[in-house]
Colleague: 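Dropping the structure in here first, questions after.
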Amino acid sequence: MKRIYLDHSATTPVDVRAADAVYDFMVNRFGNPSSGHVFGREAKTGFDQARVAVANLINSMPEEIYFTSGGTEADNIALLGYAQRHRNEGDHVIVSQVEHPAVRMAADELELRGFQVSRVPADKYGMIHSEAVAELLTPRTILVSVMHVNNEVGTINDLGRIGSLLRDRGIAFHTDAVQSFGKVPIDVQELPIDLMSLSSHKIYGPKGVGALYIRQGREVQGRSFGGKQESSVRSGTENLPGIIGFGKAAEICAEEIQREAKTIGDLRDEIEHLLTSRLDNVRVNGHPEHRLPGNLSLMIEGVEGEAMLMALDVAGIGISTGSACSTGSTKPSAVLLAIGLSEEEAHSTIRLSLGRSNSRQDLLYAGELIIETANKLRSMSGY
Ligand SMILES: *Cc1c(COP(=O)(O)O)cnc(C)c1O
């Protein structure tokens with residue numbers, strides 16, 4: 001059976017060029033980058049190149065990139081590590097209401113540790129406005145965390161505006177850029193960002209590896225203690241094959257980013273038009289303009305998202321409902337509720353996320369099947 005993957009916001013297939021590099025550094029250049037002999041040096045060379053490749057994609061210095069076990073750990077270190085390190089300067093932290101659980105739950109943990117946490121609301125498009133952040137600032141605020149692109153509805157925040165507001169006051173700004181990295185241009189020389197979370201497996205690299213960008217001069221408390229790798233931010237022998245694959249994936253994205261954003265954006269617009277013109281009572285979630293090219297979050301009234309997911313799964317098509325991270329639970333997505341959808345509307349929402357592997361033909365085929373399934377489900381439920 002033909003299979004069509006439309007869930008690139010959950011994870012992506014590893015690009016074969018990255019997979020080849022991973023293999024090479026597992027089998028041939030397997031040394032420990034800390035070793036002083038030729039095996040170590042060989043590993044270290046590849047390792048350093050990977051750091052440069054990741055840095056280049058956000059225009060940072062390589063020394064500002066700290067490899068982690070993924071986006072989740074980067075988010076955790078940014079919030080917990082920064083707040084703990086700067087506790088003597090203030091005890092107030094602001095996060096947005098529509099963050100990924102890796103930030104949301106790290107903020108909950110900060111509360112347990114005695115910090116004050118404010119949660120800034122998003123507008124109906126899932127966008128966070130600098131004015132809303134400004135209202136929550138206190139003289140004790142030390143850190144603000146607002147994601148770059150929302151993983152459910154794809155809305156792109158204006159980090160420049162939020163960041164300038166904070167920079168004037170000396171408050172650190174963290175952004176979870178896991179969904180935008182490699183897909184939307186990011187330049188830390190232009191953007192007033194201090195900490196930024198990145199992940200490999202959302203950009204066609206292997207899983208279990210990511211990075212935290214820490215602007216020179218900013219400091220966090222490390223999360224593990226031992227061999228002082230990654231400048232003690234994360235001790236432990238580095239996941240060299242993973243990091244190599246991450247670096248290769250970043251290199252490929254740097255070459256493809258412009259072209260890919262255009263082709264994927266055009267495909268998304270086409271399927272969006274197909275679905276919204278052929279089905280009535282559907283609504284696109286997220287910002288009409290400032291939205292990730294590959295994201296399509298669609299509320300189809302009278303159609304249970306889970307039923308749609310299962311019907312498409314039988315046909316070999318992978319989509320998601322609400323957030324990938326809450327799969328298995330039947331609770332409506334907290335993000336969709338936070339931007340004003342009713343429980344029923346949240347349950348009627350599906351997310352298609354397009355990527356490098358999708359052809360126009362596959363997409364149109366999936367679109368026809370979604371329309372057919374929606375009509376069938378609607379008539380079955382007497383809609
Ligand atoms: C996937 C994702 C994460 C988690 O990254 P992992 O590498 O899977 O730990 C964090 N934030 C956002 C926005 C994500 O989409």
Side-chain angles (χ1 to χ4, degrees), residues 5-14 18 54 57-58 65-81 95-109 122 126-128 145-157 159 174-184 186 193 195-213 223 234 239 241-243 245-247 249-250 253 285-287 291-297 318-328 333-336 338-339 351-355:
Y5 186 69
L6 293 173
D7 202 10
H8 291 79
S9 287
T11 194
T12 55
V14 177
V54 172
L57 200 43
I58 58 167
I65 299 296
Y66 298 80
F67 288 113
T68 66
S69 68
T72 299
E73 192 182 49
D75 283 340
N76 280 214
I77 296 175
L79 269 81
L80 301 170
V95 300
S96 95
Q97 244 177 25
V98 293
E99 294 297 312
H100 186 275
V103 168
R104 272 212 306 260
M105 295 182 72
D108 295 346
E109 176 63 24
M127 190 172 268
I128 307 295
S145 180
V146 173
M147 70 203 317
H148 191 194
V149 166
N150 184 271
N151 46 304
E152 295 194 41
V153 298
T155 297
I156 305 174
N157 282 310
L159 298 180
H174 167 252
T175 190
D176 176 337
V178 170
Q179 288 291 337
S180 57
F181 178 61
K183 293 161 197 156
V184 175
I186 301 175
I193 296 166
L195 302 149
M196 178 160 55
S197 304
L198 313 172
S199 178
S200 157
H201 75 103
K202 307 277 173 84
I203 66 156
Y204 310 91
K207 293 171 181 58
V209 57
L212 179 63
Y213 157 79
R223 71 163 289 284
R234 186 174 187 273
N239 170 11
I243 290 167
F246 183 21
C253 282
N285 298 312
H287 199 281
R291 194 149 48 99
L292 189 72
N295 176 285
L296 179 58
S297 170
I319 63 155
S320 79
T321 61
S323 174
C325 302
S326 57
T327 297
S333 142
V335 169
L336 295 178
I339 64 170
R351 181 190 68 183
L352 311 183
S353 43
L354 282 54

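In listed order, ligands and their atoms are each counted from 1. The structure presented is a predicted model; accordingly, all values stated were derived computationally and were not measured.
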Colleague: Who are the salt bridge (charged side-chain N to carboxylate O under 4.0 Å, His left out) partners of Arg104, not counting sequence neighbours?
Modeller: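 So Arg104 forms no salt bridge (charged side-chain N to carboxylate O under 4.0 Å, His left out) with any residue.
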Colleague: What do we get for Ala102 next to ligand 1 when only non-hydrogen atoms under 4.0 Å count, side chain, backbone, both or neither?
Modeller: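 Answer for Ala102: neither.
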Colleague: Take the angle between the ring planes of Phe67 and Phe246 and call it parallel below 30°, perpendicular above 60°, tilted in between.
Modeller: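 Rings of Phe67 and Phe246: perpendicular, as their planes differ by over 60°.
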Colleague: Does Glu152 pair with Arg351 as a salt bridge, N-O distance under 4.0 Å?
Modeller: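 Between Arg351 and Glu152 there is no salt bridge, as every charged N stays at least 4.0 Å from the carboxylate O atoms.
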Colleague: With a heavy-atom distance limit of 4.0 Å, tell me whether Asp176 approaches ligand 1 through its side chain, its backbone, both, or neither.
Modeller: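 Near ligand 1, Asp176 shows its side chain, while the N, CA, C and O stay back.
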Colleague: Which atoms of ligand 1 have any heavy atom of Gly70 under 4.0 Å away?
Modeller: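 The atoms of ligand 1 under 4.0 Å from a heavy atom of Gly70 are 7 (O).
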Colleague: Can an N or O of Gln179 be found at a distance shorter than 3.5 Å from an N or O of ligand 1?
Modeller: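 Yes.
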Colleague: If the cut-off is 4.0 Å to any non-hydrogen atom of His201, which atoms of ligand 1 fall inside it?
Modeller: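 Answer for ligand 1: 6 (P), 7 (O), 8 (O).
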Colleague: Would you mind listing which atoms of ligand 1 come within a distance below 4.0 Å of any non-hydrogen atom of Lys202?
Modeller: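 Atoms satisfying the 4.0 Å criterion: 1 (C), 2 (C), 3 (C), 14 (C), 15 (O).
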Colleague: Give, for atom OG of Ser353 and atom CD of Gln179, the distance between the pair rounded to the nearest 0.5 Å.
Modeller: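 The distance works out to 7.5 Å.
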Colleague: Should you measure from each heavy atom of Asp75, which atoms of ligand 1 turn up under 4.0 Å away?
Modeller: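 Reading through ligand 1 atom by atom, the close ones are 10 (C), 11 (N).
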Colleague: Is there a donor in the side chain of Thr12 and an acceptor in the side chain of His201, or the other way round, less than 3.5 Å apart?
Modeller: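 No, no side-chain donor-acceptor pair sits under 3.5 Å.
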Colleague: For ligand 1, which atoms sit closer than 4.0 Å to a heavy atom of Asn151?
Modeller: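 Atoms satisfying the 4.0 Å criterion: 13 (C), 15 (O).
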Colleague: Just by modelled atom types, is the Ser69 backbone N or O under 3.5 Å from a matching donor or acceptor in the Glu73 side chain?
Modeller: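 The answer is yes, because a donor-acceptor pair under 3.5 Å joins these two groups.
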Colleague: Heavy atoms, side chains only, cut-off 4.5 Å: are Thr68 and Arg223 in contact?
Modeller: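 No - every pair of side-chain heavy atoms lies 4.5 Å or more apart.
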Colleague: Which ligand 1 atoms are under 4.0 Å away from a heavy-atom of Gly71?
Modeller: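 Checking each atom against Gly71, I get 5 (O), 6 (P), 7 (O), 9 (O).
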